[in-house]
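For reference, the structure is listed below as structure tokens.
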Amino acid sequence: MKVKMEYMIISGKVIETRRCYMSERTKHKKVRGQRKANSTSFNKIMLNEREGKRRLSRIMNTNFSDGFLHVVLKYQDDLPETYEDLEKNGSKFLRKARKVFGEEFKYVMVNANWSPKKGRPARYHHHVIMPIVSVDKLTELWPTGAFYVDRVTNPSDLTQLASYLYDNVSGLDQGKKRYSTSKNMDKPIFTEPKPVDEIESIEPIPETTIVDAEQTVDEDGFVCGSYMRAICHDRIKVRGGMVIMPKKTKKKVKTAAGYEAFEGGDEP
């Protein structure tokens, strides 16, 4: 029997909420500590979560919400002959980076062959998302001098960037991933599904900003699922099976009369 269920996906400052029909057998007794979906429900969730751009955005939001470098490695006259050669060069760069910045060095790499803006093949290049490190040392790792670095501090939602990176690759064999990541990446948190009365709408989460909301409609025109993505001002935590939202920070502002007021707080 199918029942209406809701679960959340927490990635750094981003919290996604999904409502859909799931098998009743996925329900089980609560256990102490952080709750995770059991094997049956988790597999069901993962089957529904194979949309590549969202998976990439969750990885990036989980691991780089405190800031990162977006590095674009380009070629001048020594352009790789094949996409396989491009991948080898990318792997070679990452090996050098781990030697310089340590084995805990985290990254997302996209070996790009397509221009999503122009809708046509592009000169081979690499996109690398990494922690904020020394740019001088990066110069030594890519001696051609043809690279671009964008420093991003305090990002909120990296979904748009993830979508852009994902679209920089085209024409790969079926089943081949468009990006690679380091093995030490933290994973997004999936909360355990819980029953809900209806799936047509999702109640907004207080102290968050909604950036995406949609419904899934079946071939008969009935709503069979709903989705919402929202951003919090700080990282979201899960403790004891409960989602812990950050407290809103009191911020002093000047009113029109020149007196001090407090945003999001009680009167002083």
Between [X] (side chain) and [Y] (backbone), is there a donor-acceptor pair under 3.5 Å?
X      : Y      : result
Tyr83  : Asn111 : yes
Thr159 : Ser57  : no
Lys96  : Trp142 : no
Ser226 : Ile199 : yes
Arg123 : Gln76  : yes
Ser11  : Pro188 : no
Asn63  : Asp186 : yes
Thr62  : Arg58  : yes
Asp220 : Phe222 : no
Asn61  : Gly12  : no

State whether Glu6 and Arg19 are salt-bridged, where the test is any N-O pair (Lys NZ or Arg NE/NH1/NH2 against Asp/Glu carboxylate O) under 4.0 Å.
-> yes
Arg54/Glu214 salt bridge by N-O under 4.0 Å criterion | yes
Tell me if the [atom1] atom of [X] is crowded by more than 12 foreign heavy atoms within 6.0 Å.
X      : atom1 : value
Glu203 : CD    : no
Lys118 : NZ    : no
Glu200 : CD    : yes

Are [X] and [Y] packed together at the side-chain level, in the sense that at least one heavy-atom pair is separated by less than 4.5 angstrom?
X      : Y      : result
Tyr107 : Ser180 : yes
Arg178 : Asn168 : no
Leu69  : Ile129 : no
Tyr124 : Asn113 : yes
Val110 : Tyr166 : no

His126 and Tyr75: aromatic ring centres closer than 6.0 Å?
-> yes
Would you kindly say whether Asp85 and Thr82 are connected by a side-chain donor-acceptor distance under 3.5 Å?
-> yes
In short, Asp66 meets Pro155 closest at the heavy-atom pair C-CD, 4.1 Å
Measuring from Lys177:NZ to Leu56:CG, what's the distance to the nearest 0.5 Å?
-> 8.5 Å
Aromatic plane relationship, His127 with His125 - under 30° parallel, 30 to 60° tilted, over 60° perpendicular | perpendicular
